[in-house]
Amino acid sequence: MAGVAEVEVVIAHRERATLRVGDVFLKIDGDQTRTDVEVEAMAMAPVPTPAVLWRRPPVLALAALPGTSLARLGRPSTASPAAWAAVGAAVRRLHDAPLPPWPGRSLDETAARLDAECEWLLANDVLPGDLVTRNRELAEAVFRPCTPVFTHGDLHVAHVFVDGDEVTGVLDWSEAARGDGLFDLAVLTMRHPERLADVVAGYGADVDLDVVRAWWSVRSLLAVRWLAEHGFDPFAPGYEVDVLRARM
């Protein structure tokens with residue numbers, strides 16, 4: 001990395017930060033458990049992932065991926081329908097892979113968190129009551145029996161890289177665990193609902209679209225407070241509050 005002219009802050013908040021220095025990503029995380037999960041999940045995943053260059057806690061160095069992110073947060077995607085379908089196919093390969101040895105959060109735990117967040121949003125007048133109530137009702141569809149699969153756990157568009165119509169890599173595996181595969185599809189499409197059909201076409205399996213959309217509500221309700229407390233604006237165009245409003 002000698003002679004690199006600048007350091008790019010990719011993302012930074014109180015829990016962790018990612019910097020780009022030339023062709024290397026430096027991930028800094030005070031919770032080494034998350035880094036342990038990330039390294040092991042990348043080794044297990046049957047999809048392209050960044051090469052681990054070195055690890056010196058609390059820093060993990062990863063090689064930059066070729067191509068560009070599927071989309072940028074808060075902006076329209078310029079990727080083709082075929083690229084979105086290719087991402088759907090890659091997600092299906094992940095979901096068909098052997099389960100990771102560590103468990104994920106249960107649906108009962110998610111329901112408890114969701115109820116607590118809804119109570120907080122209402123008690124502090126963060127969002128209109130009808131917006132919270134309606135999305136909490138829609139969210140109920142996710143709480144049904146399902147077979148756990150190997151999930152990425154935070155599969156938003158900035159974590160998926162493509163070159164043309166080919167998936168070149170998937171970043172940020174610290175939330176990987178056993179879970180509901182439709183959650184991954186929901187995180188991928190919640191800010192780009194017009195791309196859901198392309199993703200499902202590539203995924204190539206029966207997908208309950210009502211459950212995917214219900215996960216949009218769950219993810220958004222759970223994220224509003226976290227975003228605000230970590231320096232992000234959940235009311236920004238295309239972000240979580242807009243997702244919730246679109247569900248009315």
Side-chain angles (χ1 to χ4, degrees), residues 9-19 27-38 41 58 60 69 71-75 102-129 131-140 142-143 151-160 170-177 179-180 182-193 212-247:
V9 178
V10 178
I11 189 169
H13 49 76
R14 290 184 316 212
E15 293 180 2
R16 47 193 146 170
T18 300
L19 312 176
K27 300 194 66 177
I28 305 165
D29 194 330
D31 183 349
Q32 289 304 290
T33 301
R34 282 194 294 252
T35 308
D36 292 341
V37 167
E38 178 155 17
L60 173 67
S69 58
R72 294 186 178 274
L73 299 181
R75 300 182 188 179
W102 58 92
R105 185 176 286 116
S106 71
L107 288 177
D108 286 343
E109 291 173 305
T110 298
R113 289 181 62 221
L114 183 60
D115 288 339
E117 286 303 304
C118 289
E119 289 176 10
W120 182 86
L121 292 169
L122 294 172
N124 291 278
D125 294 322
V126 176
L127 296 175
L131 187 66
V132 175
T133 300
R134 176 57 178 158
N135 276 276
R136 179 62 184 87
E137 291 171 350
L138 293 170
E140 195 62 31
V142 309
F143 302 113
T151 61
H152 178 277
D154 192 20
L155 196 66
H156 65 67
V157 289
H159 290 161
V160 180
V170 181
L171 294 169
D172 286 343
W173 292 81
S174 59
E175 304 296 327
D180 182 355
L182 299 190
F183 176 73
D184 275 347
L185 299 184
V187 175
L188 182 66
T189 60
M190 60 183 284
R191 293 175 180 171
H192 299 274
V212 174
R213 296 183 182 110
W215 274 119
W216 291 348
S217 294
V218 174
R219 171 79 171 195
S220 298
L221 288 168
L222 290 176
V224 170
R225 175 163 42 168
W226 187 95
L227 289 168
E229 291 179 347
H230 288 78
F232 303 100
D233 182 7
F235 291 86
Y239 276 60
E240 273 67 6
V241 176
D242 275 357
V243 174
L244 295 170
R245 288 171 177 156
R247 304 293 289 132

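Everything numeric in this text was worked out from a predicted model, so none of it was measured.
Atom CG of residue Leu60 and atom CD of residue Gln32 lie 8.5 Å apart, to the nearest 0.5 angstrom. Atom CG of Leu221 is separated from atom CG of Leu127 by 7.5 Å, given to the nearest 0.5 angstrom. The CG atom of Leu227 lies 8.5 Å from the CG atom of Asp233; values are rounded to the nearest 0.5 Å. Distance check: Asp36 CG to Trp102 CH2 gives 9.5 Å after rounding to the nearest 0.5 Å. Summarising the geometry, atom CD belonging to Glu117 is positioned 12.5 Å from atom CH2 belonging to Trp226; distances are rounded to the nearest 0.5 Å. Glu15 CD to Glu229 CD: the interatomic distance, rounded to the nearest 0.5 Å, is 10.0 Å.
Tested against Met190, the residues Arg213, His156, Glu240 include a single side-chain contact (heavy atoms from CB on, under 4.5 Å) partner, Glu240. Looking at Glu38, Arg34, Arg16 one by one, the single match for side-chain hydrogen bond (donor to acceptor under 3.5 Å, both in side chains) with Ser174 turns out to be Arg16.
Applying the 6.0 Å contact sphere to CZ of Arg247 captures more than 12 heavy atoms from other residues, nucleotides or ligands.
The minimum heavy-atom distance linking Phe143 with Leu107 is given by the pair CE2-O, 3.4 Å. Pro103 approaches Ala177 most closely through the heavy-atom pair O-CB, 3.8 Å. Here the closest heavy-atom approach between residue Ala158 and residue Leu171 is recorded as O-CD1, 4.2 Å. Between Trp215 and Ala186, the shortest heavy-atom distance links the atoms CB-CB, 3.3 Å.
Side-chain atoms of Asp180 and Thr151, non-hydrogen and from C-beta on, never get closer than 4.5 Å to each other.
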